[in-house]
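Below is one structure; the comments refer to it alone.
Index from 1, following the sequence. Since this is a predicted model, take the numbers as computed values, not measurements. Only this structure's heavy atoms are used, side chains among them; waters, hydrogens and symmetry mates stay out.
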Amino acid sequence: MMLFSPQAYRQGTLKLFPSFYRRRADEILTQSESSLGNWLTGIVINSFFIASLSGIGLWILQIKLVLVHALMAGILNFIPNIGPAASVVFPLMIAVLDAPWKIIAVLILYFLIQNVESYWLTPIVMAKQVSLLPAVTLIAQLFFASIFGLLGLILALPLTVVLKTWIEEALFKDLLDNWQ
């Protein structure tokens, strides 16, 4: 329902702010929207990378249902920490039925892909897209997952991106930088 008429909800949210700060709060909401778009772009880039490398690697290993496994790896990459680990389960089940040596090959393939993505691609993409520090990302995931469970883990990064925007704009720029 919020997506059907977002302006009404936005205007209602802005009424929660004092009248002298509503225009600035609207600007911050616009910046938050832009930050979320940048975050989503970064996640889509990472997911496409994971899906592509998974597909190529599984095709080389001649694992059946390559396209399905690659798409699952890309989609599950949206769930931090758990998704990449879960994406290896399905190709492993097919590898067990095909040849025992493929089990180890699939595990090595996914280990390499996840390490390249985690230690090289994600820091570069997220630094460019939303400039979240790795420690802040991890703390946010732990915090939101401990409070809200799996849903909190999934929503941790978008909530952190919005929170970061509000802290930078409202607290630092509007309050602390102007403090005389």
Side-chain angles (χ1 to χ4, degrees), residues 30-96 98-169 172:
T30 302
Q31 287 180 346
S32 296
E33 184 180 343
S34 175
S35 295
L36 278 176
N38 290 340
W39 169 80
L40 185 61
T41 301
I43 291 295
V44 168
I45 290 169
N46 284 352
S47 294
F48 182 75
F49 176 80
I50 293 289
S52 300
L53 284 184
S54 296
I56 292 168
L58 293 173
W59 178 73
I60 290 170
L61 293 174
Q62 296 179 344
I63 302 292
K64 294 176 183 161
L65 303 171
V66 171
L67 184 59
V68 173
H69 298 309
L71 287 174
M72 288 291 292
I75 291 169
L76 287 173
N77 194 53
F78 276 88
I79 303 172
N81 304 332
I82 296 171
S87 68
V88 74
V89 171
F90 305 107
L92 277 179
M93 291 191 301
I94 299 295
V96 165
D98 198 15
W101 68 268
K102 288 185 179 181
I103 298 168
I104 295 170
V106 168
L107 284 173
I108 291 170
L109 171 69
Y110 274 74
F111 177 78
L112 291 174
I113 291 171
Q114 286 306 315
N115 278 313
V116 167
E117 190 258 346
S118 295
Y119 296 114
W120 178 71
L121 184 68
T122 297
I124 291 172
V125 170
M126 287 301 159
K128 275 190 154 191
Q129 298 296 86
V130 291
S131 67
L132 273 181
L133 297 171
V136 172
T137 301
L138 183 60
I139 291 168
Q141 288 174 346
L142 291 172
F143 175 75
F144 285 111
S146 66
I147 293 176
F148 301 113
L150 181 62
L151 182 62
L153 181 63
I154 293 170
L155 295 176
L157 291 179
L159 290 173
T160 305
V161 166
V162 170
L163 188 62
K164 174 187 172 277
T165 303
W166 275 93
I167 288 172
E168 284 179 347
E169 296 298 321
F172 294 154

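Under the side chain to side chain contact (heavy atoms under 4.5 Å, CB included) criterion, Ile45 pairs with Thr41, Val125, sequence neighbours left out. Considering only residues two or more places apart in sequence or on other chains, Thr30 meets the side chain to side chain donor-acceptor pair (under 3.5 Å) condition with Arg10. Not counting sequence neighbours, the partners of Trp166 by the ring-ring contact (aromatic ring centres under 6.0 Å, His included) test are Phe17. Partners of Leu159 under the side chain to side chain contact (heavy atoms under 4.5 Å, CB included) rule, at least two apart in sequence or in another chain, are Phe144, Leu155. By the salt bridge (Lys or Arg N to Asp or Glu O under 4.0 Å) test, Glu117 pairs with no residue at all, sequence neighbours left out. Listed by chain and residue number, nothing satisfies the side chain to side chain donor-acceptor pair (under 3.5 Å) test with Gln129 (two or more places apart in sequence, or in another chain).
For residues 99-108, the side chain to side chain donor-acceptor pair (under 3.5 Å) pairs, not counting sequence neighbours, are Asp98-Lys102. A side chain to side chain donor-acceptor pair (under 3.5 Å) check over residues 145-165, counting only residues at least two apart or in different chains, returns the pairs Ser35-Thr165, Ser131-Lys164, Lys164-Glu168. Among residues at least two apart or in separate chains, there is no salt bridge (charged side-chain N to carboxylate O under 4.0 Å, His left out) pair with a member in residues 68-92.
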Side-chain donor-acceptor distances from residues 132-140 under 3.5 Å, at least two apart:
{"residue": "Thr137", "atom": "OG1", "partner": "Leu133", "partner atom": "O", "Å": "3.1"}

Using atom types as modelled, flag every donor-acceptor pair under 3.5 Å from a side chain in residues 52-73 to any protein atom, sequence neighbours excluded.
{"residue": "Ser52", "atom": "OG", "partner": "Phe48", "partner atom": "O", "Å": "2.8"}
{"residue": "Ser54", "atom": "OG", "partner": "Ile50", "partner atom": "O", "Å": "2.8"}
{"residue": "His69", "atom": "NE2", "partner": "Lys64", "partner atom": "O", "Å": "3.2"}

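The number of heavy-atom neighbours closer than 6.0 Å to CD1 of Ile104, taken from other residues, nucleotides and ligands shown, is 12 or below. More than 12 non-hydrogen atoms from other residues, nucleotides or ligands lie less than 6.0 angstrom from CZ of Phe78.
Put simply, CD on Glu33 and CG on Asn38 are 11.0 Å apart, with the number rounded to the nearest 0.5 Å. Rounded to the nearest 0.5 Å, atoms CD1 (Ile79) and OG (Ser87) are 10.0 Å apart. Note: Leu150 CG to Ile82 CD1 = 5.5 Å, rounded to the nearest 0.5 Å. Note that CG of Leu107 and CG of Leu92 are 4.5 Å apart. Values are rounded to the nearest 0.5 Å. Annotation: the span from Trp120 atom CH2 to Asn115 atom CG amounts to 13.5 Å, rounded to 0.5 Å.
For the pair Val88 and Leu109, the minimum side-chain heavy-atom distance is 4.5 Å or more. Here the side chains of Ile154 and Phe148 are not in contact, with every heavy-atom distance at 4.5 Å or above.
The shortest heavy-atom contact between Pro91 and Val106 is CB-CG1, 3.9 Å.
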**Request:** Walk me through it: do Val130 and Leu157 pass the test side chain to side chain contact (heavy atoms under 4.5 Å, CB included)?
**Result:** CA-CA 10 Å; Val130 291; Leu157 291 179; over 6 Å; no

